[in-house]
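Some notes on the structure that comes next.
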Amino acid sequence: MNRDTVLIEADELQMKLDDKNIRIYDATLQFFGGAGQTPYQQYQQAHIPGAAFFDHEKFADPQSNYMLAILPATQMAKPVGELGIGEDSQVVVYACGMLPAATRAWWVLRYAGHSNVRILNGGLAAWKKAGGKIEQGARQYSPSVFSARPRPEMFANKEEVLAAMNDANVRTVNVLMPVSYEAEHITGSICVSCLDLMQGDLMRGLDAFLPEDQLTHRLQELAHYQRIITYCGGGIAATVNAVAHQIVGHEHVAVYDGSMYEWTAEELPTEGMAKGEWEVWRPK
């Protein structure tokens, strides 16, 4: 894959709005405590014309003990079709303020087997900056028939992560901030913070990827591994790094969906790191 097959810029999306096969989704999630409007309320207040709402809960396994744990691959076709996504749909996902919500939606739809999915780089802010119109209310596409062709290799489970500890060809990567990584992380994993792959800041919003040359530079230390497994707190932010690897051509990447929520709850091997040691791996 490359940047153009993963991302779409606002000016290109403006030219596609009248395409009958386009399907646009606001995939915003609520981070940092959940104060204020819900993501759906934000969507109703302002969204790209014609866009529907991507409800992450529709793809969450109700049998799991962990928030937003992905549905089994065999159950993915129904919720994708209910969104209005068919075989010929050109899908665009975006988020308002936080890129991880959009990358999670992209990863979920790719996992289900849909190949034509792109992320609006810069999200709703980029759309507004480019002069795009804003719509209020709610939209919904007519349900479609979707035949799932799952890519189970895109998600890793705890058994795969445990096995990776003894496999020199696999690298497990924590994408959280260094302070979180230093406190506790999966044994043997290294830290490449997702914040180092995005433009912006936490106050103004992080909804765009760095230019491709910068991503390539920041991920070059991992290029030679046969498989990369990314993880975070609950499988959301980990998709930022996973998508970034796809952009620069590292396709053998999986997201550990359970991440630290599952790993620590089940008392699997963790370690702390002396302050400063992670600098060996932090992108410069």
Side-chain angles (χ1 to χ4, degrees), residues 1-9 99-100 102-111 115 117-119 121-122 151-178 180-182 185-200 206-233 235-260 263 271 273 276-284:
M1 303 191 76
N2 57 49
R3 191 179 185 91
D4 291 338
T5 58
V6 176
L7 304 180
I8 185 171
E9 303 297 333
L99 182 61
T103 56
R104 173 72 181 194
W106 186 93
W107 205 259
V108 164
L109 293 175
R110 290 278 304 174
Y111 166 72
S115 295
V117 189
R118 297 166 79 186
I119 299 163
N121 198 34
R151 298 181 174 98
E153 69 279 3
M154 294 184 69
F155 280 97
N157 57 29
K158 62 187 179 185
E159 289 77 16
E160 292 175 81
V161 178
L162 282 165
M165 291 180 180
N166 299 308
D167 190 340
N169 295 313
V170 182
R171 176 52 89 180
T172 303
V173 180
N174 183 309
V175 315
L176 298 174
M177 290 185 289
S180 297
Y181 172 74
E182 289 171 357
H185 57 270
I186 292 173
T187 299
S189 66
I190 55 95
C191 180
V192 180
S193 174
C194 65
L195 299 181
D196 289 325
L197 306 179
M198 295 185 284
Q199 299 185 56
L206 289 159
D207 46 19
F209 279 103
L210 292 174
E212 187 170 350
D213 60 338
Q214 293 183 38
L215 290 179
T216 299
H217 174 69
R218 296 188 178 200
L219 298 173
Q220 64 184 352
E221 295 285 353
L222 297 169
H224 68 279
Y225 286 99
Q226 294 179 11
R227 185 164 171 80
I228 300 163
I229 301 174
T230 65
Y231 75 96
C232 54
I236 307 302
T239 62
V240 172
N241 290 50
V243 170
H245 280 289
Q246 296 281 326
I247 289 171
V248 301
H250 308 164
E251 299 196 7
H252 300 295
V253 184
V255 171
Y256 172 32
D257 197 40
S259 284
M260 289 298 284
W263 196 264
E271 61 186 2
M273 180 176 279
E277 287 184 21
W278 68 275
E279 288 287 346
V280 173
W281 280 94
R282 188 182 183 188
K284 305 299 183 184

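All values derive from a computational prediction rather than experimental measurement.
- With sequence neighbours excluded, no residue forms a salt bridge (charged side-chain N to carboxylate O under 4.0 Å, His left out) with E9.
- Among residues two or more places apart in sequence or in another chain, the side chain to side chain contact (heavy atoms under 4.5 Å, CB included) test is passed with T5 by M1, N2.
- The NE2 atom of H252 sits 9.5 Å away from the CD atom of Q246 when rounded to the nearest 0.5 Å.
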Residues L176, Y231; criterion side chain to side chain contact (heavy atoms under 4.5 Å, CB included); working and verdict
CA-CA 8 Å; L176 298 174; Y231 75 96; 5.9 Å; no
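- What you find for P100 and I236 is that their closest heavy atoms are O-CG2, 3.8 Å.
- For the pair G235 and V255, the tightest heavy-atom approach, listed with the atom from each and the gap, is O-CG1, 4.1 Å.
- S115 is linked by a side-chain hydrogen bond (donor to acceptor under 3.5 Å, both in side chains) to R151, counting only residues two or more places apart in sequence or in another chain.
- For P211, the side chain to side chain contact (heavy atoms under 4.5 Å, CB included) test picks out Q199, D213, Q214, with sequence neighbours left out.
- Of all heavy-atom pairs spanning P178 and C191, the tightest one is CA-SG, 4.2 Å.
- A donor-acceptor contact shorter than 3.5 Å links the side chain of R118 to the backbone of L7.
- Between D257 and R104, at least one side-chain nitrogen of the basic residue sits less than 4.0 Å from a carboxylate oxygen of the acidic one, meeting the salt-bridge criterion.
- Evaluation of the side-chain hydrogen bond (donor to acceptor under 3.5 Å, both in side chains) rule for E153 yields no partner, not counting sequence neighbours.
- Side-chain atoms of R171 and I190, non-hydrogen and from C-beta on, do get closer than 4.5 Å to each other.
- W106 and V6 get closest at one heavy-atom pair: NE1-O, 3.9 Å.
- In this structure, CG in N174 is found 7.0 Å from CE in M260, a value given to the nearest 0.5 Å.
- Side-chain contact between V170 and I228: absent, with no pair of heavy atoms (C-beta onward) separated by less than 4.5 Å.
- For R227 (side chain) and N169 (main-chain N/O), no donor-acceptor pair under 3.5 Å exists by modelled atom type.
- Shown here for C232 and V175, the closest heavy-atom pair between the two residues is CB-CG2, 3.7 Å.
- Inter-residue side-chain proximity for M177 and L195 is flagged as met; some heavy-atom pair is nearer than 4.5 Å.
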- Query: Please walk me through it: do I119 and I8 pass side chain to side chain contact (heavy atoms under 4.5 Å, CB included)?
  - Reply: CA-CA 6 Å; I119 299 163; I8 185 171; over 6 Å; no
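- Here the CG-CG distance, from L219 to N241, works out to 7.0 Å after rounding to the nearest 0.5 Å.
- Partners of R110 by salt bridge (charged side-chain N to carboxylate O under 4.0 Å, His left out), not counting sequence neighbours: none found.
- Contacts of Y111 classified as side-chain hydrogen bond (donor to acceptor under 3.5 Å, both in side chains), with partners at least two apart in sequence or in another chain: none.
- Separating the CH2 atom in W263 from the OG atom in S189 is a distance of 9.0 Å, to the nearest 0.5 Å.
- For the side-chain hydrogen bond (donor to acceptor under 3.5 Å, both in side chains) test, residues two or more places apart in sequence or in another chain that qualify with T103 are T239.
- Applying the salt bridge (charged side-chain N to carboxylate O under 4.0 Å, His left out) test to R3 and every residue at least two apart in sequence or in another chain returns nothing.
- Between the side chain of E212 and the backbone N or O of V248, no donor-acceptor pair lies under 3.5 Å.
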Residue pair N157, E160: steps toward the side chain to side chain contact (heavy atoms under 4.5 Å, CB included) verdict
CA-CA 5 Å; N157 57 29; E160 292 175 81; 3.3 Å; yes
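- Partners of F209 according to the ring pair (Phe, Tyr, Trp, His ring centres under 6.0 Å) rule, which considers only residues two or more places apart in sequence or in another chain, do not exist here.
- Interatomic distance, CH2 of W107 versus CE of M154, reported as 4.0 Å (0.5 Å rounding).
- Annotation: salt bridge (charged side-chain N to carboxylate O under 4.0 Å, His left out) contacts involving residues 237-253, sequence neighbours excluded, are absent.
- Closest approach of R218 to D196, counting heavy atoms only: NH1-O, 2.5 Å.
- Interatomic distance, CG of N121 versus CG of L99, reported as 7.5 Å (0.5 Å rounding).
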